[in-house]
Amino acid sequence: MESKIITYPLLFTPGPTPTPEYIRQAMAQPTLHHRTAEFEMIFANARKNLQKMLNMSEILMLASSGTGAMEACIVAFSSHTILSINSGKFGERFTAIGKALNRKVVEISHEWDTPAHVAEVEKALESHSGIECICLQICESAGGLSQPYKEIAKIVKQHNPNIFVIADGITAIGVEDIDTTYIDALIGGSQKAFMLPPGLAMIGLSQQASNHIESHSNGYYFNLGKELKNQRKNTTAYTAATSIIIGLQAYFDMLDEKGFTHNDIYQYNTTIACATRKALQAIGLQIYPKNPANSMSVVVSKYAKDIIKILKTHYNITIANGQDRLKDKIFRINHMGYIPLHELSFVLNAIELALQTLGIRQFNAEANRIFFQNLRL
Ligand SMILES: *Cc1c(COP(=O)(O)O)cnc(C)c1O
């Protein structure tokens with residue numbers, strides 16, 4: 001067989017994120033059958049660790065990308081009307097799933113740099129009867145914005161405790177300490193802060209949510225009641241995403257071995273995200289969202305397309321473009337997972353050098369100077 005050397009680019013997109021060597025090694029072990037005591041033990045451990053990390057009463061793992069879990073939650077927690085908070089591509093997706101499933105969708109929609117307001121949610125709840133669940137992103141990855149999910153979830157429960165709060169935490173889990181007090185379903189995905197390959201979705205459930213799915217059987221593949229019954233016995237209704245679940249357990253083991261708690265990671269993430277934003281602003285770049293999340297830094301620039309291209313061709317760094325209406329208008333740099341400082345420093349240097357290449361600004365290492373000045377680790 002002809003051998004081929006591939007030089008992998010430095011992957012700096014907000015999903016998928018790079019998988020560390022430790023996790024890749026764990027997933028490279030010989031295949032385990034999913035209906036065996038060996039696998040069930042790994043499944044049980046991963047479940048326990050997720051439960052502790054998400055602080056939810058029950059945990060489900062599904063073999064699908066994150067969108068599958070979004071659909072599964074709408075199937076499980078609504079039969080006719082949903083309220084969708086849309087400040088970007090992923091909020092738009094909840095609306096689209098609702099419509100595809102023939103639900104009536106009440107939508108609060110905003111520009112992709114603008115979060116929703118609690119008052120609008122209150123008004124929507126008052127003017128539309130029959131809303132069964134509200135769907136929102138904790139971090140909306142389209143523009144890297146943070147939604148006021150705690151305040152929104154609280155107002156929903158105060159209005160009517162029977163309305164289910166479905167929170168897409170795909171780019172918030174593993175980045176920030178999520179307050180789950182008023183959340184019924186918290187959705188996660190393997191390819192973001194867990195640093196795993198895509199293909200595994202997780203859902204944390206409140207007691208109220210698990211009671212509901214146990215007494216209302218809906219859907220076939222995405223039947224959360226059927227999954228809950230199986231997963232409480234550490235097995236799955238259909239073939240489990242075995243290798244990714246093994247990788248997930250390795251993620252928890254890796255943190256243990258390094259002596260990191262999730263709080264350490266949240267602290268680290270906040271620090272590097274704030275320092276990155278300051279560094280980008282110091283070289284004249286503008287942060288896109290009005291309320292930025294810490295899972296990524298998003299810059300709005302008329303040179304976005306050129307900067308992305310220079311990073312790729314001159315420095316072999318892959319960052320993310322905007323999607324749909326934001327294509328070529330923004331670029332997104334990942335902070336999820338445990339990003340080494342020297343890698344982020346290299347990316348900031350490359351961006352500053354790209355500005356020089358484009359004739360916008362003379363390079364003087366200001367981005368790195370400000371970045372390191374703001375790291376109080
Ligand atoms: C990545 C992502 C998803 C899930 O997308 P998939 O491609 O289905 O995994 C959902 N919501 C947000 C906010 C995301 O960032």
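Start at 1 and go down the list; that is how both ligands and their atoms are numbered.
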Please work out which of the three classes, parallel, tilted or perpendicular, describes the rings of His212 and His216, given edges at 30° and 60°.
->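 Rings of His216 and His212: parallel, as their planes differ by under 30°.
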
Check the angle between the aromatic planes of Phe346 and Tyr315 and answer parallel, tilted or perpendicular using the 30° and 60° thresholds.
->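 Rings of Phe346 and Tyr315: perpendicular, as their planes differ by over 60°.
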
Against heavy atoms of [X], which atoms of ligand 1 measure under 4.0 Å?
X: Ser141; result: 12 (C), 13 (C), 14 (C), 15 (O)
X: Cys139; result: 13 (C)
X: Thr171; result: 13 (C), 15 (O)
X: Gly66; result: 4 (C), 6 (P), 8 (O), 9 (O)
X: Arg93; result: 5 (O), 8 (O)

Please confirm whether Tyr338 and Phe260 have ring centers closer than 6.0 angstrom.
->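 Aromatic pair counts; centres sit under 6.0 Å.
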
Nearest protein heavy-atom contact for [atom]: which residue, which atom, what distance?
atom: atom 4 (C) of ligand 1; answer: Ile170 CD1, 3.6 Å
atom: atom 9 (O) of ligand 1; answer: Gln191 NE2, 2.8 Å
atom: atom 11 (N) of ligand 1; answer: Asp168 OD2, 2.6 Å
atom: atom 2 (C) of ligand 1; answer: Lys192 NZ, 2.5 Å

May I have all residue pairs that pass side-chain hydrogen bond (donor to acceptor under 3.5 Å, both in side chains) and include part of residues 94-106, sequence neighbours excluded?
->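 Counting only pairs at least two positions apart or across chains, the side-chain hydrogen bond (donor to acceptor under 3.5 Å, both in side chains) contacts touching residues 94-106 are Ser78-Arg103, Ser84-Thr95, Thr95-Glu107.
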
Where at least one partner belongs to residues 29-43, residue pairs that pass side-chain hydrogen bond (donor to acceptor under 3.5 Å, both in side chains), sequence neighbours excluded =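 Checked against side-chain hydrogen bond (donor to acceptor under 3.5 Å, both in side chains) - neighbours excluded - the pairs reaching residues 29-43 are Arg35-Thr235.
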
[X] touching ligand 1 at heavy-atom level, < 4.0 angstrom:
X: Lys89; value: no
X: Glu140; value: no
X: Ser64; value: no

Please determine if [X] and [Y] form a salt bridge, counting it only when a charged side-chain N lies under 4.0 Å from a carboxylate O.
X: Lys123; Y: Glu120; result: no
X: Lys157; Y: Asp184; result: yes
X: Lys154; Y: Glu151; result: no

For ligand 1, indicate whether the residue Ala201 contacts it via side chain, backbone, both or neither (heavy-atom separation under 4.0 Å).
->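 Contact part for Ala201 vs ligand 1: neither.
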
Thr67 and ligand 1 - part of the residue with a heavy-atom distance under 4.0 Å =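 Answer for Thr67: both.
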
Distance, nearest 0.5 Å, that separates CD1 of Ile183 from CD1 of Ile138 |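 Rounded to the nearest 0.5 Å, the CD1-CD1 separation comes to 4.5 Å.
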
Option whose closest heavy atom lies nearest to atom 6 (P) of ligand 1, chosen from Gly15, Ser190, Ser65 |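 Checking each option, the heavy atom nearest atom 6 (P) of ligand 1 is found in Ser65.
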
Within-4.5 Å side-chain heavy-atom neighbours: Ile187 and Ile173 =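 Not touching, per the 4.5 Å side-chain cut-off.
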
